[in-house]
Number of protein chains: 2
Amino acid sequence: MKHDKNITIADVAKHAGISKSTVSQYLNKRFEYMGEETKQRIRESIAALGYSPNVLARSLKQKKTFTIGMIVANILHGFSTQVIRTVEDACNEQDIHVIVCNTDEDPKKEQKYVQMLEAKQVDGFIIFPAGDNEELYRELLDKDIPLVFVDRIVPDLPVSTVLTDNEQAADMAVDHFVRCGHGKIGLAVPPLKRVMTPRSERLSGFQKAMKNRGLEDSGMFIFEQPLAGMADYLAAAFQKEDKPTALLASNDLTFIEVLQFCRQEGIEIGRDVSIISIDDMPLAGVYNPAITSIEQPASVIGEKAAELLFEQMNGGREQTPAVHRFSPVFLERDSVKAP
Amino acid sequence: MKHDKNITIADVAKHAGISKSTVSQYLNKRFEYMGEETKQRIRESIAALGYSPNVLARSLKQKKTFTIGMIVANILHGFSTQVIRTVEDACNEQDIHVIVCNTDEDPKKEQKYVQMLEAKQVDGFIIFPAGDNEELYRELLDKDIPLVFVDRIVPDLPVSTVLTDNEQAADMAVDHFVRCGHGKIGLAVPPLKRVMTPRSERLSGFQKAMKNRGLEDSGMFIFEQPLAGMADYLAAAFQKEDKPTALLASNDLTFIEVLQFCRQEGIEIGRDVSIISIDDMPLAGVYNPAITSIEQPASVIGEKAAELLFEQMNGGREQTPAVHRFSPVFLERDSVKAP
DNA sequence: TTGTAGGCGTTATCAC
DNA sequence: GTGATAACGCCTACAA
């Protein structure tokens, strides 16, 4: 029955008794000088044949695919997911598609994905850099391919980057702890292999904030440990006499480990230790007690990234690349009490 | 400087002093009869020119894009996200890309996305049907476009569908409640507009399970309410004398409302009311108390969906379409106590 | 206003 | 073993 004979613009033209170009004009809405009757015929033929244009052929000709590539380093972070969603929304408004790839922090994977997407002729990239791929990024720049970084800064590269003001996030937390009377404050953070902007900035922001309050000597505790061992590591640290009364989790994944630690040690949040989490997880607000969190402005970041990318894609004189930092949002809840 | 003169297969051929066809052979690894020297020359030229093939042109010719479309009805559900991830992993292994679209349960959006992706010549679709688009799906079938449904069943359509055994999920919960001594059990569920398989099956599964245990008369409470009003609705219901001692949240979004309800009413989970959630959220296991959950087998579902789709794409005699149900996983934790 | 012809970058079919 | 040549489906001068 159905011979999958793909119907093309030629079929429509034949059916309507006119030429391919005219149909093409119609499809591209250039019907300024087109006869009403012609339009009508074309419309009918398209409907009759169930024609739908082949974007591939169009893209090949126009050198535009209306697709962008988005490469995230770690999709397990809620933050990544939220940024992805916002970018997708922004793109869908302009009928642009997004192909998302997850590198798991692996530069090799990142390279592979960039090349695949390039081969696919995507119109631009939004990348959460996995790091250590400077040459790869430079090639993209050399080829004038629109590019925006999110979440992490790659030094010495003229690429617009948009991220949370991570030092501010750490400062907000320390500030709140101190206001509530805490003098011994800990930071739980995964190891800083490579340059991971958020991690290192949250750490440096924490250190600065503590120093500014004269707490950097005896009041500062830094628990740097891989996630897998974090709970046990904290448990050991909290056996000691000299331990913090407040604990800042540097991101959502770390926060889960902190909760795990509290559970297994029978530590009551609020009473035994005060907690703040950078990143606001879905259940944080209804946790027991509700967890005071510092939320990254994911949607603002996603929107800005998309906007910067679109500017480059529309060839308009692109602004000079810059780093755009956005303030996190402090969500005061019930997990911080006086010590 | 850099003239963005795209280098093509022709440039490579010229540079190597051979013909396009030979280069093409090389690229497609058909070098059974190719001289070692020729290969060498091609390799060098490719490197020298920094050539990378244009997948678009290849796709146009081969009528294959190595890209599939994935359309989810509600990306806010953790389940959707997890299935997406698994599918992406499975695809990446075969160098297939995935374009994800979110319909927000809107059939119109679904239609638009399907058409856009079709125009992009994707090789297949994995769809969480928003419902009420039977004709659209039928067109895909008529065109022999590979298609798999996930999470929801569309009646009378010969399409392979893979989902959680939702009735079993409800039964597991009821069973556990009853074993723990509960005789009055409630179900919190969003309204059943349209045919939403999981919702309706969890409801019917709940009813059957209650009936089987002789609890359908005085022991069964069904709280059907939009998410926005769920917490208040539950609050009102729990003011009454006749109320359940156990409550089943029919999915993750509902579960959040249930927790919200507990917080605002000062209800202690475990002591005042026992809770089970269908869908296991990231923090459920470290909640206080840890929440007994019934986890959907998202990764199994994603893998199966990908597998079924690949089968169709590889044209191999596809199995007759069937509904594949997978058992959920019962995660016993601390939110269910004797009443 | 509409039609003709050539090309976008690859691959496929045959000759050579 | 390698190389012309014709598609793939569409767009775009330019001609009519």
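All values below come from the heavy atoms of this structure, side chains included, with hydrogens, waters and symmetry mates left out. Letters A, B, ... are given to chains in the order of the sequence lines, protein chains preceding strands, and every chain is numbered from 1.
When only modelled atom types and interatomic distance are considered, A/Thr67 and B/Lys120 share a side-chain donor-acceptor pair under 3.5 Å. Between the side chains of B/Gln40 and B/Glu44, at least one donor N or O lies within less than 3.5 Å of an accepting N or O.
Rounded to an integer number of Å, the gap from CG of A/Leu49 to P of D/dG9 is 14 Å. Taking atom CG on A/Asp11 and atom P on D/dG9, their separation rounds to 9 Å, with Å as the unit. C/dG9 atom P lies 16 Å from atom CD1 of B/Ile46, rounded to whole Å. Atom pair B/Tyr26:OH and C/dT10:C1' shows a separation of 17 Å (rounding to whole Å applied).
Dashed line: the shortest gap from a side-chain N or O of A/Thr22 to OP1 or OP2 of C/dT2 is not under 4.0 Å. In this structure, B/Lys63 does not reach the C/dT11 phosphate: none of its side-chain N or O atoms is under 4.0 Å from OP1 or OP2.
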Side chains of residues 77-84 of chain B: which donor-acceptor partners sit under 3.5 Å, not counting sequence neighbours?
residue, atom, partner, partner atom, Å
B/His77, ND1, B/Asp252, OD1, 2.8
B/Ser80, OG, B/Asn74, O, 2.9
B/Thr81, OG1, B/His77, O, 3.4

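The nearest pair of heavy atoms linking B/Ala305 to B/Val150 is CB-CG2, 3.8 Å.
Residues B/Phe149 and B/Tyr137 form a side-chain contact, since some pair of their non-hydrogen atoms from C-beta on lies under 4.5 Å apart.
Between A/Leu60 and B/Thr38, it is B/Thr38 whose nearest contact on DNA chain D lies nearer the 5' terminus.
Among the protein residues, B/Ile18 comes within range of the sugar-phosphate backbone only, with heavy atoms under 4.0 Å from sugar or phosphate atoms but none that close to a base.
The list of salt bridge (Lys or Arg N to Asp or Glu O under 4.0 Å) pairs with a residue in residues 145-162 of chain B, not counting sequence neighbours, reads B/Glu105-B/Arg152.
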Taking only N/O atoms, report every protein-nucleotides 10-12 of chain D pair under 3.5 Å with atom names and distance.
residue, atom, partner, partner atom, Å
D/dC10, OP1, A/Tyr51, OH, 2.6
D/dC10, OP1, A/Asn54, N, 3.1
D/dC10, OP2, A/Ile9, N, 2.6
D/dC11, OP1, A/Arg58, NH1, 3.3
D/dC11, OP2, A/Ser24, OG, 3.1

